[in-house]
Amino acid sequence: MDYWANLTQLTKQAHHPALTAQYTAMQVFRDAVAQGQLPKFPLPRLGMTEAIVFDLLRENLPLRTVNTLDHLLRNFRQYIAYHYGMWAFVQQQLFATWTDLFGPQRYLEIAAGNGYLSYGLQQAGNQVIATDARTWQKENLTGAQPLLPIHQAGETAALLTYGAQVDAVVMAWSPDHEWNDAALLWQLRQHLPQLPLFVLGERYGATNSRLFWQLANFVPDRRLLKLNRAFPRFDAINDRIYLIR
């Protein structure tokens with residue numbers, strides 16, 4: 001049985017209001033992404049709490065079933081990433097807040113994948129140039145169905161080609177096993193030091209190289225507090241939005 005069918009069956013079997021609410025939010029999010037759209041709202045925190053587990057065990061739901069359902073809920077990101085190439089779980093509400101805080105700007109997205117980030121910024125009234133090297137196309141579905149035109153270019157080439165045309169650079173979920181992000185940061189400082197870099201990722205965690213985080217100079221902008229409230233954590237990954245120079 002596949003992930004979604006299993007999740008649906010076990011959620012119905014558990015018949016718990018809190019889990020039904022999580023499942024409904026996941027279904028709305030999944031349906032939007034499957035239709036090539038951005039979800040309107042962020043996800044709630046997914047998974048079992050201690051109170052929910054006690055409720056289910058009192059109702060004689062087998063512990064094995066409880067654990068399986070908890071595992072499925074907590075691995076929603078992997079399901080969406082595999083099937084739809086979405087890694088940073090951005091949504092319309094986030095980009096409305098982003099544009100309200102930082103004003104309409106011209107953005108260059110590096111390693112855009114399917115372009116969820118660029119598409120969201122564009123829909124919120126910003127001008128966007130989305131780029132990606134597309135070197136991963138034979139490995140996974142990232143970039144298989146872009147939401148907007150993606151210019152084929154690696155990080156450094158994109159920066160040198162389009163950097164003079166934008167006000168800021170954005171990068172989401174750069175791989176943690178490559179140093180391209182550190183090279184980009186060096187190129188940015190050498191050639192376009194006036195451009196701020198917005199990074200969506202988990203510091204010293206699931207995204208970006210360790211070298212990148214060591215080199216990063218974080219800008220203490222209070223607007224980021226409000227922006228990150230519109231980008232709440234929903235699973236074990238604590239990805240945030242950082243402003244770096």
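Note that the coordinates shown come from a computational prediction; the quantities given were computed from them, not determined experimentally.
Under the side chain to side chain contact (heavy atoms under 4.5 Å, CB included) criterion, P44 pairs with A25, L46, not counting sequence neighbours. Considering only residues two or more places apart in sequence or on other chains, N67 meets the side chain to side chain contact (heavy atoms under 4.5 Å, CB included) condition with L63. Applying the side chain to side chain contact (heavy atoms under 4.5 Å, CB included) rule to A14 yields the partners L19, L56, L61, L69; only residues at least two apart in sequence or on another chain are considered.
Considering every non-hydrogen atom in both A133 and Q152, the closest pair reads O-NE2, 3.5 Å.
L72 and L57 fall within a single hydrophobic cluster, where Ile, Leu, Val, Met, Phe, Trp and Tyr are joined by side-chain heavy atoms under 4.5 Å apart, directly or via other members. By the criterion of side-chain heavy atoms lying less than 4.5 angstrom apart, applied directly or through intervening Ile, Leu, Val, Met, Phe, Trp or Tyr residues, Y3 is grouped together with M48 in one hydrophobic cluster.
Remark: R74 does not engage D235 in a salt bridge, criterion side-chain N to carboxylate O under 4.0 Å.
Using modelled atom types, one finds no donor on one side chain facing an acceptor on the other under 3.5 Å when comparing N180 with S174. A donor-acceptor pair shorter than 3.5 Å can be found between the side chains of N208 and D181. Looking only at atom types and distance, the side chain of E109 has a donor-acceptor partner in the side chain of S118 under 3.5 Å away.
Sorted by first and then second residue, the side-chain hydrogen bond (donor to acceptor under 3.5 Å, both in side chains) pairs with a member in residues 45-59 read H16-D55, D55-R58; sequence neighbours excluded.
The 12-atom threshold is exceeded at NE2 of H191, counting heavy atoms of other residues, nucleotides or ligands nearer than 6.0 Å.
If you look at W173 and Y116, their ring centroids are not closer than 6.0 Å.
Alongside L188, the hydrophobic cluster contains L108, I110, I129, L159, Y162, V166, V169, M171, W179, L184, L185, L192, L195, L197, V199, Y204, L211, F212, W213, L215, F218, Y242, I244 (criterion: ILVMFWY side chains under 4.5 Å). Other residues sharing a hydrophobic cluster with F41 under the 4.5 Å side-chain heavy-atom criterion for ILVMFWY residues do not exist; the residue is a singleton.
Using the six-membered ring where Trp is involved, Y79 and H83 have ring planes that are tilted, between 30° and 60° apart.
Taking CG of L43 as the start and CZ of F29 as the end, the distance is 5.0 Å to the nearest 0.5 Å.
Within the cation-pi definition used here (under 6.0 Å to the ring centroid, within 45° of the axis), R77 does not qualify as a partner of W87.
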